Amino acid sequence: MSGLWVSNQQRYRTVMASNHLSITKAFQKTGDFDTVGVMPGIQKGWPEQSYYGLDKVYNAFQLGYKGPKFSWSTMPDQYALQQFQDRVHSKKPADGKSRMSFLILTSSHQPWAPIPKMVPWDQLGDGSVFNAIQKAGNKASDVIADTTKSRQEYGKSVQYSVTALTEWLERYGNDNTVLVFLGDHQPIARVSGNHASRDVPISIVAKDPKVLDAIDSWNWTDGLRPAHNAPVWKMSAFRDKFLTAYGSTPHPKTN
């Protein structure tokens, strides 16, 4: 989001206190976008809203959820995505603007027990439908100290998150929807293995072929599963590559 390599807490604090341009703030600064964050993991003050240039943020307590927590996760990803649909995506921004939304979903967070299950989208209601699912799920204490179970349940949690996201897109996406999604880090070594790669997948999904044509030179893999020989970049490279591909102002040339 920042275009910087943020490798420790001090760097994070320095970036957050700066006016360095994040991707979302770049959209806000154009004046043509309504910027909204949906953050089901935020349960206290979040001053980072200013750094990210978000006009409005919905935290864990502002999404109307009345169901159970799933371990660390305050609500299932499917519910958070439906709330995003109802409160944000289904409504036209004022003044003829477009919209840039920033969502951080939480269902694939450790300890991966219990894990939500998909329910019919029209039955989500206030989230009470998840009470029975939560009670029937695994206990965190039965999974967290078991390497094999942790690996299995981590995989299931990612499958759940991606299913919720792709079903949301199929149900609510339109000709103008552009989705950039990624896993922001690998799981702990007990799951990923010692000295495992820290690579994570990232995808850009769009119905408009011109959106994908703009990044054709990136040589990314078609579809959601990167090929074994897919390009690998540091996350800090993404901001500038993204803004170069889609920005309307050319990057200043250097001699």
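The shown structure was predicted, so the numbers you read here are calculated from the model rather than taken from an experiment. Start at 1 with the first residue, then count along the sequence.
- Linking Ile, Leu, Val, Met, Phe, Trp and Tyr whenever their side-chain heavy atoms come within less than 4.5 Å puts M100 and L182 in one cluster.
- Under the 4.5 Å side-chain contact rule for hydrophobic residues, I202 and F242 share a cluster.
- W5 places a side-chain heavy atom less than 4.5 Å from the side chain of K234.
- S22 meets the side chain to side chain donor-acceptor pair (under 3.5 Å) test with T24; sequence neighbours excluded.
- Closest heavy-atom contact between F181 and L224: CZ-CD2, 3.9 Å.
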Practice problem: Please report the C-alpha distance between W72 and Q110 in whole Å, then the side-chain angles of each, then the deciding distance to 0.1 Å, and finally whether the side-chain hydrogen bond (donor to acceptor under 3.5 Å, both in side chains) criterion is met. | Solution: CA-CA 7 Å; W72 185 88; Q110 184 183 315; over 6 Å; no
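- For P201, the side chain to side chain contact (heavy atoms under 4.5 Å, CB included) partners at least two apart in sequence or on another chain are P226.
- For the pair Y160 and S107, the tightest heavy-atom approach, listed with the atom from each and the gap, is CE2-OG, 3.5 Å.
- In this structure D126 satisfies the salt bridge (Lys or Arg N to Asp or Glu O under 4.0 Å) test with no other residue, sequence neighbours excluded.
- N8 meets the side chain to side chain contact (heavy atoms under 4.5 Å, CB included) test with Q10, R11; sequence neighbours excluded.
- Note: Y65 and Y79 meet the aromatic proximity criterion, with ring centroids under 6.0 Å apart.
- With hydrogens and angles disregarded, no donor-acceptor distance shorter than 3.5 Å links the side chain of S161 to the backbone of V158.
- Expressed to the nearest 0.5 Å, how far OG of S2 lies from CE of M235 amounts to 11.0 Å.
- When every heavy atom of S101 is checked against every heavy atom of V88, the shortest pair comes out as OG-CG1, 4.0 Å.
- Listed for the N131 side chain is a donor-acceptor partner under 3.5 Å among the backbone atoms of S128.
- Among residue pairs with one or both ends in residues 129-148, none qualify as salt bridge (charged side-chain N to carboxylate O under 4.0 Å, His left out); sequence neighbours excluded.
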Exercise. Report the C-alpha distance between F130 and L124 in whole Å, list the side-chain angles of each, state the deciding distance to 0.1 Å, and finish with yes or no for side chain to side chain contact (heavy atoms under 4.5 Å, CB included).
Key: CA-CA 8 Å; F130 290 104; L124 284 166; 3.6 Å; yes
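- The nearest pair of heavy atoms linking S203 to G223 is OG-O, 4.4 Å.
- Neither L165 nor V211 shares a network with the other; the hydrophobic side chains, linked directly or stepwise wherever heavy atoms of I, L, V, M, F, W or Y lie under 4.5 Å apart, form separate groups for each.
- Residues L81 and L103 meet the side-chain proximity criterion, which asks for heavy atoms closer than 4.5 Å.
- Under the rule for a salt bridge (Lys or Arg N to Asp or Glu O under 4.0 Å), R151 has no partner lying at least two apart in sequence or in another chain.
- Judged purely by atom type and a 3.5 angstrom limit, T30 uses its side chain to pair as donor or acceptor with the backbone of F27.
- Summarising the geometry of S157 relative to I115, their closest heavy-atom pair is N-CD1, 3.8 Å, with the distance given to 0.1 Å.
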Practice problem: Using the side chain to side chain contact (heavy atoms under 4.5 Å, CB included) rule, take R171 and W121 through it: C-alpha gap first, then chi angles, then the decisive distance, then the call. | Solution: CA-CA 9 Å; R171 186 177 177 91; W121 288 84; 3.4 Å; yes
Practice problem: Take V205 and V178, measure what side chain to side chain contact (heavy atoms under 4.5 Å, CB included) needs, and give me the verdict at the end. | Solution: CA-CA 6 Å; V205 183; V178 178; over 6 Å; no
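- Under the 3.5 Å distance criterion, the side-chain polar atoms of Q78 are left unmatched by any main-chain donor or acceptor of M118.
- Counting only residues at least two apart or in different chains, salt bridge (charged side-chain N to carboxylate O under 4.0 Å, His left out) contacts with residues 59-87 are absent.
- Relative to the ring axis of Y58, K56 places its NZ or CZ within 45° and under 6.0 Å from the centre.
- Here K149 pairs with nothing under the salt bridge (Lys or Arg N to Asp or Glu O under 4.0 Å) rule; sequence neighbours left out.
- The number of heavy-atom neighbours closer than 6.0 Å to CD of E167, taken from other residues, nucleotides and ligands shown, is above 12.
- Residues R239 and L21 approach most closely at NH1-O, 2.7 Å, considering heavy atoms.
- Under the salt bridge (Lys or Arg N to Asp or Glu O under 4.0 Å) criterion, D175 pairs with K207, not counting sequence neighbours.
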Exercise. Give the intermediate values and the outcome of salt bridge (charged side-chain N to carboxylate O under 4.0 Å, His left out) for residues D34 and R99.
Key: CA-CA 5 Å; D34 177 32; R99 180 177 285 117; 3.4 Å; yes
Could you list the donor-acceptor pairs under 3.5 angstrom formed between side-chain atoms of residues 183-195 and any protein atom two or more places apart in sequence or on another chain?
from	atom 1	to	atom 2	distance (Å)
Q186	NE2	S197	O	3.3
Q186	NE2	D199	O	2.8
R190	NE	I144	O	3.4
R190	NH1	I144	O	2.8
R190	NH1	S150	OG	2.5
R190	NH2	I144	O	2.9
S192	OG	P187	O	3.3
S192	OG	I188	O	3.2

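- If you take CG on L212 and CD1 on I204, they are separated by 7.5 Å, rounding to the nearest 0.5 Å.
- Atom CZ in F33 sits 12.0 Å away from atom CG in D55 (nearest 0.5 Å).
- Looking only at distances, no side-chain donor or acceptor of Q85 sits under 3.5 Å from a matching main-chain atom of W168.
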Exercise. Starting from the C-alpha separation in whole Å, work towards a yes-or-no answer on side chain to side chain contact (heavy atoms under 4.5 Å, CB included) for H109 and F70.
Key: CA-CA 10 Å; H109 195 284; F70 281 78; over 6 Å; no
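- At a threshold of 4.5 Å between side-chain heavy atoms, the hydrophobic network of Ile, Leu, Val, Met, Phe, Trp and Tyr places V6 and I104 in one connected group.
- In terms of modelled atom types and a separation under 3.5 Å, the side chain of W112 and the main chain of S108 share a donor-acceptor contact.
- Interatomic distance, CD of Q82 versus OG of S90, reported as 8.5 Å (0.5 Å rounding).
- Note: the hydrophobic cluster containing F84 does not contain V180 (ILVMFWY, side chain heavy atoms under 4.5 Å, direct or indirect links).
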Tell me which donor-acceptor pairs under 3.5 Å the side chains of residues 36-49 have, and how far apart each pair is, sequence neighbours excluded?
from	atom 1	to	atom 2	distance (Å)
W46	NE1	E48	OE1	3.4
E48	OE2	Y12	OH	2.7
Q49	NE2	L54	O	3.0

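- The aromatic rings of W218 and W233 sit perpendicular to each other, their planes meeting at more than 60°, with 30° as the lower class boundary.
- Within a 6.0 Å radius of CG in D222, other residues, nucleotides and ligands contribute 12 heavy atoms or fewer.
- Under the side chain to side chain contact (heavy atoms under 4.5 Å, CB included) criterion, N174 pairs with H89, N176, T177, sequence neighbours left out.
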Self-check item: Trace of the salt bridge (charged side-chain N to carboxylate O under 4.0 Å, His left out) decision for D95 with K97
Solution: CA-CA 5 Å; D95 306 322; K97 291 184 178 182; 5.0 Å; no
